[in-house]
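What follows is a short report on a single structure.
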Number of protein chains: 2
Amino acid sequence: MTRVTLQVIAETLAVSTATVSLALRDSPVVAAETKERVQRLAAELGYVYNRSAASLRTARTNMVAVGFHDITNPYFAEVLAAVEDAAMAAGRTILLATYGESLERQARVLRTLREYRPDGMILCVAAGTQKEDLAPLLASGIPLTQLSRETAGVDLDFVGSDDAAGVGLAIDHLVGLGHRRIAMICGMDSYSTGRARRRGYCEGLAAHGIPLDPALMFPAYGTRENGLAAIQAALALPDPPTAAVCFNDLAAFGAMNGLRHLGREAGRDFSIVGCDDVAEAAQWFPALTTVRNRQDEMGRLAAQMLAARIREPGLPTRRVLLEPLLMVRASTAPLRERRVATA
Amino acid sequence: MTRVTLQVIAETLAVSTATVSLALRDSPVVAAETKERVQRLAAELGYVYNRSAASLRTARTNMVAVGFHDITNPYFAEVLAAVEDAAMAAGRTILLATYGESLERQARVLRTLREYRPDGMILCVAAGTQKEDLAPLLASGIPLTQLSRETAGVDLDFVGSDDAAGVGLAIDHLVGLGHRRIAMICGMDSYSTGRARRRGYCEGLAAHGIPLDPALMFPAYGTRENGLAAIQAALALPDPPTAAVCFNDLAAFGAMNGLRHLGREAGRDFSIVGCDDVAEAAQWFPALTTVRNRQDEMGRLAAQMLAARIREPGLPTRRVLLEPLLMVRASTAPLRERRVATA
DNA sequence: GTGAAAGCGCTAACAT
DNA sequence: ATGTTAGCGCTTTCAC
C-alpha cells in the first residue's frame, strides 16, 4: 500500500500536482469539473494533507506553541482551554509544553518548541525568568505574547490582569469590614504577579493608613499546601491577623482548610479573600470571596493578540491589563472582637 | 539577514551539509575537531534545527497528538500534565486539541491533528463516539492509544481504570455504613466510563441484595451543576436516598453543595462518595470520600504504551485497567435514622 | 485552465 | 572521515 500524495492523485487523473494542489484548496482558478474529480478521488483514496511538507514550502505551520509553567493549577488549565479554543477557531493547533518553575527546563522546552517552527508562541514564564532567558526567542523575532506573568525589560505583547488593583479591591473590602490586621498569604517576588499582588497589598494598606507589618507576609508559591502552612504560621503569631488576602485561590483553599484544623472558620471568625476565581471558588464552603481574573478573556485575548502580530509583525507592542472584579461571597465577614476562648 | 540553515553552515566551513547534519547530531562518525567547529559556528549563528524539514525526510515528527474532550475538568488536566511530562521525557512534544462532547468537532479536530503527522495519538473520545467515527484513524494505521474512555469494538491500546470495580468499592463502603437507599448521581451511557460506573452501581447493589430503583439514578454529564441539580431532585423524592455515589468528583462537589442549600451536610446526615480523587477532593469540607483513579499513572502509562507501539507497531494490543482505590474521608458516615425535623 | 520546474531544509544512501 | 546526490510532499512562479 503506497502512501497517497498529491503525486499519485495527479498521476491517476493525468493532471499535474499543481492542479491537484490548487483543486484541493478549492482554488477558483481550477475548472469546477476538475476540482470535483480531484476532490472525489482524494476522498476515495483517503488522502491526508501533509502539513510538514506544506510548512517547509510556505514557512507557516499554523501551530501556536504554548509554554506554561503549570497546567495542573485550574486557573491555568482554564486559560489554556480558552487559548486552545480561540486558536482552533483561527485554524491553528496548539503545541504544548510545561516546565514548572525550572528555568533550566524552560530553556530546553522553549528551544524544542522553536524547532517546530510555530507561527507564534504564548508564554507564561517560570519564576525567576529574566530578560536574558528569553534572548534567543527575542533575537529570532518569532511572534510572542506573554500571558499572566511578564518579564521585566522586554518589549513584547502582554496580557494579564491588573493584579495590584485586584488585591487593592480585596484590601478595601476587608478594611470596609473592619479588619486592620490583614495577612498576605503566598506569592513571591520572583514573578510579576507575585510582585504586583504584593504591591497591591502594600499600597492598599497604605491607602487606609494601616502600617505594613512584615511579619504578616508569608511569601511562598501559591499552592494549597503553602496556603495551609501560612495560615497556621499566621495564627501562631503573638498578635495574629483577623483576615488574609491570598495570592491565588489555591492558597486560599489551603488557608481555609488550615483555619478549620484550628477550629476556626472563614467567614465566621476569620476572613479570607482569594485571587483568580477558579470554577470551584464559588462552590466552596464557605464560598470564596475572590478577585476574578477572567481566564476566558485572558486566553482568548492572548490568542488574538498573537494572531494580529503574526499577521502584521511590525505592529506596536501592546500591553493589556484586564480589569479585575471582586466577587464578594461568604469567606469574608465583618470583624468582631474574638472573645478570649482559651479553654 | 539570511536565515541560517545547514547549507550556510556548510558553506562557511567549506564542508558538506551531510557532515554538518551529522556533526550537529553528534555522530561518532564525524571527526571530533570537525564536530567542534560545526557546533560552535551553529551556536554562534543561532542556528535552529528545522523539524518540519527533518520530518519530511524521516517521516517522524516526534509529536504526540493529544485529543481530549475537556481539559477544564481537573481530572483531565492532571492526566494531561502526566502525559506531557512522560512524552517530553521521551523527547516528544504534545500537539493538543479538544472538542467537548461534540462528535462533529471531534471529527474535524482528529483530521487536523492527523495532518500534522504526529508519530502517535492519545485520545479520550467525546461521548457517543462509535467505531465508525474512528474509522479514518484506524485505517491510517497511526499508533493510537485510548485513554479513560474506550470505544466499543475497536482493537486499540487502552488505559483506563476499572470503573465498575471502583464504584463497587464505593457501594461496599456505603452499605457497610448501613445505607441501602443509595443514589447514582451523573454519568451517562454514551461513554464507557459512564456505562462501567453504572454497571458497578447495579452490580454493587445486587451483591448486597439491594433491589435497583431506577428513580435513584440521575444520568447527566459529570459537572458541578449537574451534581447539584441531581441531589436536589434526589432529595425531593418521596422516599429519598440516604447516600449517593457520584460519577466523578465534580458531580460530588456539586452534590455536597446542593445538600447544603437544603440544610444538610455530607458526612453528617447524608453520605457522598466521589470518583477520581482530584487534588481538591482531600481539601474539601468535608473532605471527600472518593475513588482514586490515579491520573498520574494513567497519563504516564498512556504515553509509554504509545511509545512502545510507535517503536513496534506489530505489538499485540494492550488493554490495561488501573486498580482503583477507595479513599475514605469525611463525606461519608454511618446511617442514622433522621429524626423527623419538619419545623 | 493547466503544466513544468524549482526549491523549502533536511537525511540517507552511496561513493570516495 | 567527508562529499555527492537524490528526494521527502508540497507550493509557487512562470509558461503555454
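Hydrogens, waters and symmetry mates are skipped; everything else that's a heavy atom, side chains included, is used.
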(request) Take A/T17 and A/L22, find for each the nucleotide of DNA chain C with the closest heavy atom, and name the residue whose nucleotide sits nearer the 5' end. (result) A/L22
(message) Looking at B/S16, I'd like to know whether one of its side-chain N or O atoms comes within less than 4.0 Å of OP1 or OP2 on D/dG3.
(response) yes
(message) Strictly below 4.0 Å: does A/R25 bring a side-chain N or O up to OP1 or OP2 of D/dC10?
(response) no
(message) What's A/A23 touching, base or sugar-phosphate or nothing? Going by heavy atoms closer than 4.0 Å.
(response) nothing
(request) Mind checking B/R51 for me? I need base, sugar-phosphate or nothing, with any heavy atom below 4.0 Å counting as a touch. (result) nothing
I'd like to know if [X] pairs up with [Y] as an ion pair, taking the criterion as any Lys NZ or Arg NE/NH1/NH2 lying under 4.0 Å from an Asp or Glu carboxylate oxygen.
| X | Y | result |
| --- | --- | --- |
| A/R149 | A/E101 | yes |
| B/K35 | B/D26 | yes |
| B/R309 | B/D119 | no |
| B/R105 | A/E84 | yes |
| A/D155 | A/R319 | no |

(request) For the pair A/Y191 and A/Y221, name the ring-plane relationship: parallel under 30°, tilted 30 to 60°, perpendicular over 60°. (result) parallel
(request) State which of C/dT11, D/dG9, D/dC10 makes the closest approach to the side chain of B/R57. (result) C/dT11
(message) Heavy atoms within less than 4.0 Å of DNA chain C: which residues of residues 28-46 of chain A have one? Give them sorted by number.
(response) A/V29, A/V30, A/A31, A/T34
(request) By nearest nucleotide on DNA chain D, pick out whichever of A/L6 and B/V15 is the more 5' one. (result) B/V15
